[in-house]
Colleague: 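Here you go, one structure.
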Amino acid sequence: MRRCAAALALPLAGCNTIVMNPAGDIARQQADLIITSTVLMLLIIVPVIVLTLLFAWRYRVRQATAGAAEAAGARYEPDWDHSTRLELLIWGAPLAIIIALGTITWISTHQLDPYRPLSRLDEQRALPANVKPLQVQVVALDWKWLFVYPEQGIATVNELVLPVDRPVHFTLTASTVMNSFYVPALAGQIYAMPGMASQLNAVINKPGTWEGFSANYSGDGFSGMRFAFHGMAQADFAQWVENARGAGGKLDRAAYLALEKPSQRDAVRRYAQVAPYLFDAVVNRCVEAGRMCMADMMAIDARGGAGKGGLAGVTRAAWRNGQQTVVAGLCTPADPEGRGTALSARNSATPIDPTTAAGKL
């Protein structure tokens, strides 16, 4: 018997079972959900398969005559058409399973919502009241991953390091096309899309090294879009941060624009400094100088567009035989950080004076 079990398990020997045996609590709950759902569905699938084989054998062709059927212990009822008990069994059991699966889906969808802050470290430990989540900003580039640690002031390429038993809040976006961030040991996958920021809350519960990758096809370098994920004790994480700060190099806007260019299978890189608000500029599609941020566009829209409510962000410029109102608020005003409301025009057009322009637009 043991030899048979070993022989059946042999094809699975080379499989990586990290999805079903993860190191993070969120991924652990997701694995438990898979097991529970599978068991519930097998309660229907297995009896159906067994009964299909049993019926095929018991009512096979050579048992079709009344005498042969009775001799085999099977009733021969060619005019049979209904059984209340059988109907209740056929429809009641699947209905009960569907209700159970629906209830589990409803509960787990809310408990495992990636935007929902964590309430525990693992099954045995609640989240301490004084623990502050570690903030990590993630940018899916072509074809590499950029991780920014805003509190620590560092950034890495293709390397993610997290402290054990500390909640982590990821904010994710993409530079060009939709991508998918997935670390099987940590949590389920979540999409990263240009022009928006998605969120993921997770925690890693033991030290180790695993792999993260893109789970959404994104072009030529998709197969190599992988990164190393390390879970470290708090002291080791602090030492890693210090080493990264000593690595030299600054990730400013110019460096980001160079990094953003497509490349494949990039080696791990670390940046000792990160330009303030760089991630915000990436999300708002305005890293380049002189480019309007999406947030500013929407703010002007919300104030009435080119009407009176949007006077602070528009200007009058020559156009054909007259003048027209154009948007003047840019994402990168005079302040080098590119932060704050963009109100000054960066072209030769004459700004509108809000005190005298009433009624002219």
Side-chain angles (χ1 to χ4, degrees), residues 12 15-42 100-138 145 147-152 154 156 159-172 180-192 197-215 226-241 244:
L12 300 176
C15 295
N16 186 351
T17 59
I18 188 63
V19 172
M20 302 308 296
N21 187 30
D25 183 59
I26 295 296
R28 176 72 268 166
Q29 292 182 65
Q30 292 170 337
D32 292 341
L33 180 61
I34 292 173
I35 294 172
T36 302
S37 301
T38 302
V39 170
L40 285 173
M41 289 184 285
L42 287 175
L101 285 172
T103 303
I104 292 172
T105 300
W106 172 266
I107 295 172
S108 61
T109 297
H110 291 81
Q111 285 184 341
L112 299 177
D113 181 357
Y115 282 60
R116 180 178 180 176
L118 301 185
S119 59
R120 71 183 202 182
L121 294 177
D122 57 32
E123 191 175 3
Q124 284 80 34
R125 295 176 295 169
L127 185 68
N130 59 345
V131 173
K132 182 181 178 183
L134 175 69
Q135 301 294 325
V136 180
Q137 298 167 340
V138 183
W145 292 93
F147 301 99
V148 179
Y149 295 77
E151 296 172 359
Q152 289 73 26
I154 62 173
T156 62
E159 181 184 46
L160 174 63
V161 179
L162 301 177
V164 170
D165 288 339
R166 181 178 175 183
V168 183
H169 177 253
F170 293 98
T171 311
L172 307 97
S180 179
F181 174 81
Y182 186 29
V183 184
L186 183 67
Q189 68 89 25
I190 188 167
Y191 286 108
S198 51
Q199 301 177 39
L200 174 65
N201 288 279
V203 62
I204 192 72
N205 297 123
K206 62 182 180 181
T209 298
W210 300 273
E211 186 179 55
F213 54 89
S214 169
R226 298 172 178 268
F227 60 90
F229 167 52
H230 305 281
M232 294 183 177
Q234 183 61 49
D236 295 332
F237 175 75
Q239 183 60 53
W240 174 82
V241 170

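Just so it is clear, the values below take in all heavy atoms, side chains as well, and ignore hydrogens, waters and symmetry mates. As the structure is a computational prediction, the values presented were derived from the model and not from experiment.
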Colleague: If you compare all heavy atoms of Q199 against all heavy atoms of H169, which two are closest, and at what distance to 0.1 Å?
Modeller: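 For Q199 versus H169, the nearest heavy atoms are OE1-NE2, 2.9 Å.
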Colleague: For D25, does its backbone N or O pair with a side-chain atom of N205 as donor and acceptor, under 3.5 Å?
Modeller: yes
Colleague: With the side chain counted from C-beta on, respond yes when V138 and L160 share a heavy-atom pair under 4.5 Å apart, and no when they do not.
Modeller: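 No. Closest side-chain heavy atoms not under 4.5 Å.
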Colleague: Answer yes or no: is there a donor N or O on one side and an acceptor on the other, between the side chain of S180 and the main chain of Q189, under 3.5 Å?
Modeller: no
Colleague: Nearest 0.5 Å, what's the CD1-CG distance between I204 and L121?
Modeller: 12.0 Å
Colleague: What is the distance from atom CZ of F227 to atom CD of E211, rounded to the nearest 0.5 Å?
Modeller: 8.5 Å
Colleague: How far does CD1 of I104 sit from OG1 of T109, to the nearest 0.5 angstrom?
Modeller: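 If we round to the nearest 0.5 Å, I104:CD1 and T109:OG1 are 11.0 Å apart.
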Colleague: Are more than 12 heavy atoms from other residues, nucleotides or ligands located less than 6.0 Å from atom CD of E151?
Modeller: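 Correct, the count exceeds 12.
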Colleague: CG of L40 to CD1 of I35: how many Å apart, nearest 0.5 Å?
Modeller: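 So the CG of L40 and the CD1 of I35 are separated by 12.0 Å.
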Colleague: Of all heavy-atom pairs between A233 and V164, which one has the smallest distance, and what is that distance?
Modeller: N-CG2, 4.2 Å
Colleague: Determine, step by step, whether F147 and L162 satisfy the side-chain contact (heavy atoms from CB on, under 4.5 Å) criterion, reporting the C-alpha distance in whole Å, the side-chain angles of both residues, the deciding distance to 0.1 Å, and the verdict.
Modeller: CA-CA 11 Å; F147 301 99; L162 301 177; over 6 Å; no
Colleague: Where do I18 and P184 come nearest, in terms of heavy atoms and distance?
Modeller: CG2-CB, 3.8 Å
Colleague: Sub-3.5 Å donor-acceptor pair from the side chain of Y191 to the main-chain atoms of S198, do we have one?
Modeller: no
Colleague: Taking ring pair (Phe, Tyr, Trp, His ring centres under 6.0 Å) as the test, write out the residues that go with F170, two or more places apart.
Modeller: F181
Colleague: Hey, mind stepping through N201 and I26 against side-chain contact (heavy atoms from CB on, under 4.5 Å) and telling me if it holds?
Modeller: CA-CA 9 Å; N201 288 279; I26 295 296; over 6 Å; no
Colleague: Check whether any side-chain N or O of S108 sits under 3.5 Å from a backbone N or O of T105 as a donor-acceptor pair, and report yes or no.
Modeller: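 Answer holds: yes.
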Colleague: Where is the tightest heavy-atom contact between E159 and V161, given as atom of each residue plus distance?
Modeller: CG-CG2, 4.0 Å
Colleague: Please collect all ring-ring contact (aromatic ring centres under 6.0 Å, His included) contacts where either partner lies in residues 108-138, sequence neighbours excluded, each pair once.
Modeller: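 Listed by first then second residue: W106-H110.
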Colleague: Any sub-3.5 Å donor-acceptor pair from R28's side-chain atoms to L186's backbone N or O?
Modeller: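 Flag not set: sc R28 to bb L186 has no pair under 3.5 Å.
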Colleague: List the steps and the verdict of side-chain contact (heavy atoms from CB on, under 4.5 Å) for T209 and F229.
Modeller: CA-CA 6 Å; T209 298; F229 167 52; over 6 Å; no
Colleague: At what distance, to the nearest 0.5 angstrom, does NE2 of H230 lie from CH2 of W210?
Modeller: 10.0 Å
Colleague: For residues P167 and V203, report the shortest heavy-atom separation together with the two atoms involved.
Modeller: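 Scanning both residues, the minimum pair turns out to be N-CG2, 4.2 Å.
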Colleague: Using a 3.5 Å distance criterion without hydrogens, assess whether the side chain of Q152 forms a donor-acceptor pair with backbone atoms of V241.
Modeller: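 No.
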Colleague: Tell me the closest heavy-atom pair linking A197 and T171, and the distance in Å.
Modeller: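 Minimum heavy-atom contact is CB-CG2, 3.7 Å.
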Colleague: Rounded at 0.5 Å granularity, tell me how far CG in D32 sits from CD in E123.
Modeller: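 Output value for this atom pair is 7.0 Å.
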